[in-house]
Amino acid sequence: MSKDDTGEHEQPDPAPADVIAQLYDEHAPALLRYLARRMGPETADDPVAETFLVAMTSLSRYDPSRAPVRPWLYGIATNLLRLHRVRKSLRTSQGGSDAVD
């Protein structure tokens, strides 16, 4: 676990870069297609990258006995997609521009 400036535990240490790089190489193209179909190809790159950022910081909590890694990554991506839609809806309902996602 990493510690913040006060010595309190902040979040788990990230997964080794080589593990995330391998996951990215294997699964990013499919996740990009999945998200592009749901939110448009012009905005799908950032959520794909964010999916692997979340995976990197939470890999220690992933339990391979519960499910293969691919559905776990799709679950992360789906949750990020929902969050994106909620934020977009809030911006729209508050009269803000949704030009920046």
Distance col, row Leu23:CG vs Trp72:CH2, nearest 0.5 angstrom, shows 7.5 Å
d(Leu32 CG, Thr51 OG1) to nearest 0.5 Å is 10.5 Å
d(Leu73 CG, Thr78 OG1) to nearest 0.5 Å is 10.5 Å
Rounded to the nearest 0.5 Å, the CG atom of Asp46 sits from the NE2 atom of His84 at a distance of 10.0 Å
### Message
Once you measure the plane-to-plane angle for Tyr34 and Tyr74, does it fall in the parallel (<30°), tilted (30-60°) or perpendicular (>60°) bin?
### Response
perpendicular
To the nearest 0.5 Å, atom CG of Leu80 lies from atom CD of Glu50 at 4.5 Å
Those residues at least two apart in sequence (or on a different chain) that pass side-chain contact (heavy atoms from CB on, under 4.5 Å) with Ala36 are Pro41, Ala44
Exercise. Any link between Leu83 and Leu90 through a network of hydrophobic side chains (Ile, Leu, Val, Met, Phe, Trp, Tyr) touching at under 4.5 Å?
Worked result: no
Rounding to 0.5 Å, atoms CG (Leu81) and CD1 (Ile76) come to a distance of 13.5 Å
Between Ala55 and Ile20, the two heavy atoms sitting closest are C-CD1, 4.1 Å
Would you find a donor on one side and an acceptor on the other, under 3.5 Å apart, between the side chain of Ser89 and the backbone of Arg85? no
Closest non-hydrogen contact found for Leu31 with Ala77 is CD2-CB, 3.9 Å
Closest heavy-atom pair, Arg61 versus Thr57, reported as atoms and distance to 0.1 Å, is NH1-O, 4.3 Å
